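Owing to the predicted nature of the structure, the values given are computational and were not obtained by experimental measurement.
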Amino acid sequence: MPTREELAVTVRTVISDVLGTDPAELQDRTSLLEEYGIDSLELMEIGARLERALQLRIDPDDLIAARDVGHAIDLLRTRMDSSV
């Protein structure tokens with residue numbers, strides 16, 4: 001299982017690929033809605049890519065509920081811990 005730091009790199013890379021931004025711009029407190037105006041299609045694409053990368057079923061409600069990038073990482077970490 002990846003560490004939180006490894007998971008954070010994966011999450012930031014996937015998000016930056018979808019949004020066309022630099023992963024270094026995405027910090028734990030970065031709000032994708034407020035700072036990038038992310039829409040539902042982009043969010044679904046991020047979810048699909050993360051599912052493939054992490055080999056984990058992700059509930060879309062988890063991604064929607066995430067306040068910021070750090071919260072999304074923590075939610076995914078919790079799901080990974082509970083799926084073991």
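Between Glu45 and Val18, the shortest heavy-atom contact is CG-CG2, 3.7 Å. A pairwise comparison of heavy atoms in Leu7 and Pro2 identifies N-CB, 4.2 Å as the closest pair. Across all their heavy atoms, Leu41 and Asp39 have their closest contact at N-OD1, 3.1 Å. The shortest heavy-atom contact between Thr21 and Glu25 is OG1-OE1, 2.7 Å.
Applying the side chain to side chain donor-acceptor pair (under 3.5 Å) test to Arg29 and every residue at least two apart in sequence or in another chain returns nothing. With sequence neighbours excluded, the residues that form a side chain to side chain donor-acceptor pair (under 3.5 Å) with Arg57 are Glu51.
Between the side chain of Arg12 and the main chain of Leu26, a donor-acceptor pair closer than 3.5 Å is present.
In this structure, Val69 is a member of the same hydrophobic cluster as Ile64, with clusters built from ILVMFWY side-chain heavy atoms closer than 4.5 Å. If you chain together hydrophobic residues whose side chains sit under 4.5 Å apart, Leu75 and Ile15 never meet in one group. Residues Met80 and Val14 are members of one and the same hydrophobic cluster, defined by side-chain heavy-atom contacts under 4.5 angstrom among Ile, Leu, Val, Met, Phe, Trp and Tyr. Linking ILVMFWY side-chain heavy atoms closer than 4.5 Å, directly or via other members, places Val11 and Leu56 in a single hydrophobic cluster.
Under the 4.5 Å side-chain criterion, counting only non-hydrogen atoms from C-beta, Leu32 is in contact with Leu19.
Here CG of Asp62 is found 7.5 Å from CG of Leu76. Values are rounded to the nearest 0.5 Å. Atom CD of Glu6 sits about 11.5 Å away from atom CE of Met1, to the nearest 0.5 Å. Atom CG in Asp68 sits 7.5 Å away from atom NE2 in His71 (nearest 0.5 Å). Here CD1 of Ile38 is found 5.0 Å from CG of Leu43. Values are rounded to the nearest 0.5 Å.
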- Message: The test is side chain to side chain contact (heavy atoms under 4.5 Å, CB included); show your working for Ile73 and Arg4 and say whether it passes.
- Response: CA-CA 8 Å; Ile73 292 166; Arg4 188 187 189 283; 3.8 Å; yes

- Message: I'd like to know whether Arg79 forms a side chain to side chain contact (heavy atoms under 4.5 Å, CB included) with Ile58, so could you lay out the CA-CA distance, the side-chain angles of the two residues, the decisive distance to 0.1 Å, and finally the verdict.
- Response: CA-CA 8 Å; Arg79 294 298 178 257; Ile58 300 170; over 6 Å; no

